Colleague: 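A single structure is presented below for examination.
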Amino acid sequence: MAEVHLPKGMRDLLPAQMQARLQIIDTVRKVFARFGFEPLETPAMERIETLMGKYGDEGDKLIFRVLKRGEGGERGEVDQALRYDLTVPLARVLAMNPGLAMPFRRYQIQPVWRADRPQKGRFREFTQCDVDIAGSESPLCEAECLAVASAALTALGFRDFTIRLNDRRILAAMAAAIGAPDRLISMVTAIDKLDKVGEDGVRKELAAQSFAPEAADLLFSMLGGGPIPEVEAYEAGLDQIIGYAHDLGVAPGRVVKDRTLARGLDYYTGPVFEIVVTEPKIGSISGGGRYDELVGMFSGRKIPAVGISLGLERIFVVMEELGMLGAGAKAAEVFVTRFSDATLSETLQAAAALRDAGVPTCLALDGGKLGKQLQQADKTGARWAVVIGPSEAKAGLAQLKDLRSGSQQTLPLTELVAQVKAALG
RNA sequence: GUGGGUGUAGCUCAGUCGGUUAGAGCGCCAGGUUGUGGCCCUGGAGGUCACCGGUUCGAAACCGGUCAUUCACCCCA
């Protein structure tokens, strides 16, 4: 056992995992592009003050801080941090680039870091797939977000997922109605556990937070669909979003309003949403919402914005457990063996010809027994092996062996290439 | 930040009540005679039983600590 370790909660992605992962990213990226989003990347690190105070107390604690210029450890000085999400960096970009044409739609697929304790489907380094729309207050933005996320998941093969939808302002109205407008957070964290601990558990939690029993009664009547003062417009807004999303192709019934959905991040100001799957117990695979004040925190210029984020690692875990990951790409389709020095030139030229034709081709580097090389060919997953020995070389031919059937034929190189290309479609 | 589980070969794991040379499967290496893989057969390499300390005549096993990892809570993707 090697005495080296990875940083906690981080991992290497070996080729077998990378092949599946790249397929997922490719699928998601194409869907994002299809919805008219443009790519953006930002640095792994931000200045600490850019990140602080955007995520709430809980979030701030989880920000990965970086020592000042990599030094100053004794004094504990920090001035930079690894980004916690892709939304705040986007807000900074918007503040710094006033010339961007406005409704600005961008996608961004990059890792983010959180100093969490790792557990199932949770890592300290993970990749978010974000789409955001800035510069519009239209509920169509929310609908676009739900539609693009839904399309991406569908393209990946997801069938059973639910989009939960709520509005921060409805939660605020409930807090006001029970006479605790300033205690939104503790109310919200209590009711957020409803499906986990049940009504009794939430009442206990509320009591522990010194909410009056009457307040709890009122709260549950509102959660149960009872009237909430002054939220008609927000409710109507959510219905509108659902209607638009439906027209944009989101399956009927997929989006459900849920008054218990809270979302922890401080910067959300309006509609919030998350996507959950029931099968592997992994919680949400996606989350987002509207954050109309965030950009203004950097520039003073208010720019409304909405976004949604897909968690690549969680999606991967779900797909893995549900057997949704296809065969995965292989290293090469053709493995060219190295017979001897006398035929090396012809061998290399054969590999080059295959590669020129666009056929993924692996070359035996060290030679050795032919049987050994064919074993190696098997491990690469190649479908064919090419052998060029003295007799083939002398006749200007090459031997093509089908590694599935074991059959082989000797033919001119150009025909060999054409045949492989044809078989690959 | 809080609580639990686990740590034995490259991997997945056995290992009885504390007992002498610590095992299996898979993988790896070599061979089964010439230029042909998979299957089969034979042989082989590979271990500080995570680390440190303690109890004991004797510890992989029991106790304590450390480290790593994993799961749950909180929160989140």
Side-chain angles (χ1 to χ4, degrees), chain A residues 1-11 14 55-63 84-87 109-130 149 153 185-186 188-190 192-193 196-197 201 205 261-266 268 272-277 281-289 307-318 335 337-340 342-343 364 367-393 399-408 410:
Chain A
M1 213 168 294
E3 288 301 315
V4 289
H5 295 105
L6 275 68
K8 186 190 290 295
M10 305 186 181
R11 62 255 164 80
L14 297 177
Y55 306 108
D57 293 339
E58 197 74 28
D60 282 356
K61 282 184 211 155
L62 300 180
I63 293 173
Y84 179 92
D85 68 359
L86 301 178
T87 305
I109 300 174
Q110 285 194 277
V112 302
W113 292 268
R114 295 182 188 178
D116 257 357
R117 283 267 285 265
Q119 58 178 286
K120 181 168 184 174
R122 163 178 299 179
F123 305 92
R124 286 185 154 191
E125 177 181 54
F126 63 100
T127 295
Q128 291 195 323
C129 311
D130 260 47
L153 290 173
I185 303 285
S186 48
V188 150
T189 51
D192 195 41
K193 298 175 195 164
K196 209 169 259 179
V197 298
E205 171 85 18
L261 174 66
R263 305 259 80 218
L265 301 179
D266 268 14
Y268 291 127
V272 289
F273 27 82
E274 82 178 14
I275 302 181
V276 293
V277 292
K281 266 184 59 189
I282 199 151
S284 62
I285 55 175
S286 175
I308 191 165
S309 181
L310 296 159
L312 187 61
E313 277 67 21
R314 293 211 175 154
I315 285 172
F316 193 90
V317 168
V318 172
F335 187 94
T337 60
R338 175 180 172 175
F339 192 91
S340 68
T343 60
K369 292 176 114 176
L370 193 56
K372 204 79 204 134
Q373 296 189 44
L374 289 172
Q375 273 180 26
Q376 208 181 322
D378 278 329
K379 283 175 196 158
T380 67
R383 186 170 159 191
W384 296 278
V386 169
V387 179
I388 302 179
S391 49
E392 288 86 3
Q399 190 180 91
L400 179 67
K401 183 181 179 77
D402 186 324
L403 289 169
R404 286 186 204 162
S405 66
S407 66
Q408 53 195 44
T410 302

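Keep in mind the model is a prediction, meaning the values are calculated, not measured. A note on names: the letters A, B, ... follow the listed sequences, proteins ahead of strands, and every chain is numbered from 1.
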Colleague: NA contact type, A/G406, heavy-atom cut-off 4.0 Å: base, sugar-phosphate, or nothing?
Modeller: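 Base contact.
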Colleague: Using the P atoms only, state how far B/U2 lies from B/G15, rounded to an integer number of Å.
Modeller: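 One P to the other, the span is 34 Å.
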Colleague: Determine if A/F126 stacks with B/A77; use a centre-to-centre distance below 5.5 Å and an interplanar angle below 30° as the criteria.
Modeller: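 Base of B/A77: stacked against A/F126.
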Colleague: Please report the shortest heavy-atom distance between A/V272 and A/A262, naming the atom on each side.
Modeller: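 In terms of heavy atoms, the two residues are closest at CG2-O, 4.1 Å.
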Colleague: Rounded to whole Å, please give me the gap between CD in A/Q119 and C1' in B/A68.
Modeller: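 Rounded to the whole Å, the gap is 18 Å.
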Colleague: Considering the options A/D85, A/D60, A/D266, which one meets the side chain to side chain donor-acceptor pair (under 3.5 Å) requirement together with A/Y55?
Modeller: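 The residue from A/D85, A/D60, A/D266 that satisfies side chain to side chain donor-acceptor pair (under 3.5 Å) with A/Y55 turns out to be A/D85.
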Colleague: Would you indicate what A/L86 reaches in the nucleic acid, counting non-hydrogen atoms under 4.0 angstrom: base, sugar-phosphate, or nothing?
Modeller: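 Nothing, no heavy atom under 4.0 Å.
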Colleague: So for A/S340 and B/G35, does any side-chain atom that can act as donor or acceptor lie under 3.5 Å from a complementary atom in the base?
Modeller: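 By the distance-only test, no, there is no pair.
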Colleague: Need the pair for B/G37. Rule: Watson-Crick or G-U wobble, both distances under 3.5 Å, any strand; none if unpaired.
Modeller: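 By the stated definition (distances under 3.5 Å), nothing pairs with B/G37.
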Colleague: Which residue in the set A/R114, A/R11, A/K120 passes salt bridge (Lys or Arg N to Asp or Glu O under 4.0 Å) when paired with A/E313?
Modeller: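 One option only clears the test, and that one is A/R11.
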Colleague: Distance check needed: B/G38 P versus A/Q373 CD, whole Å only.
Modeller: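 Rounded to whole Å, this separation is 14 Å.
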Colleague: Determine the interatomic distance between P on B/C49 and the same-named atom on B/G10; round to the nearest Å.
Modeller: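 Approximately 12 Å lies between the P atom of B/C49 and that of B/G10.
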Colleague: Say you pick atom P in B/A72 and the same atom in B/A30; how far apart are they, in whole Å?
Modeller: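 Pairwise P distance, B/A72 against B/A30, rounds to 43 Å.
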Colleague: Over how many whole Å does the gap from A/D402 atom CG to B/G37 atom C1' extend?
Modeller: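 After rounding, the gap between these two atoms is 12 Å.
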Colleague: What is the nucleic acid contact for A/G56, judged by heavy atoms within less than 4.0 Å: base, sugar-phosphate only, or nothing?
Modeller: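 Since no nucleic acid heavy atom lies under 4.0 Å of A/G56, the category is nothing.
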Colleague: Measure from NZ on A/K369 to P on B/G35 and round the result to the nearest Å.
Modeller: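 After rounding, the gap between these two atoms is 9 Å.
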Colleague: Please give me the minimum heavy-atom distance between A/E392 and A/T410, naming the atom from each residue.
Modeller: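 Scanning both residues, the minimum pair turns out to be CG-CG2, 4.2 Å.
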Colleague: Please state how far atom CZ in A/R122 lies from atom C1' in B/A77, giving the value in whole angstrom units.
Modeller: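 So the CZ-C1' distance, A/R122 to B/A77, works out to 9 Å.
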Colleague: Taking the same atom, P, in B/A61 and in B/U6, what whole-Å distance lies between them?
Modeller: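 Their P atoms lie roughly 14 Å apart.
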Colleague: Please pick, from B/G37, B/A77, B/G35, the nucleotide with the shortest atom-to-atom distance to any side-chain atom of A/S286.
Modeller: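 When the side chain of A/S286 is considered, B/A77 is the closest of B/G37, B/A77, B/G35.
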Colleague: Rounding to the closest angstrom, what is the interatomic distance between B/C11 and B/C67 at atom C1'?
Modeller: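 Straight-line distance between the two C1' atoms is 22 Å.
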Colleague: Rounded off to whole Å, could you give me the CD-to-P distance for the A/E313 and B/A77 pair?
Modeller: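 Atom-to-atom, A/E313 to B/A77, this comes out as 13 Å.
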Colleague: Identify whether any heavy atom of A/Q408 sits under 4.0 Å from a base atom; if not, whether one sits that close to sugar-phosphate; answer base, sugar-phosphate or nothing.
Modeller: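 Base, at least one base atom sits under 4.0 Å.
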Colleague: Provide the distance between the two C1' atoms, one in B/C29 and one in B/U70, to the nearest whole Å.
Modeller: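 After rounding to an integer number of Å, I get 34 Å for this pair.
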Colleague: Distance criterion of 3.5 Å, no angle test: do you see the side chain of A/Q399 paired donor-to-acceptor with the base of B/U36?
Modeller: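 Side chain to base: pair found, below 3.5 Å.
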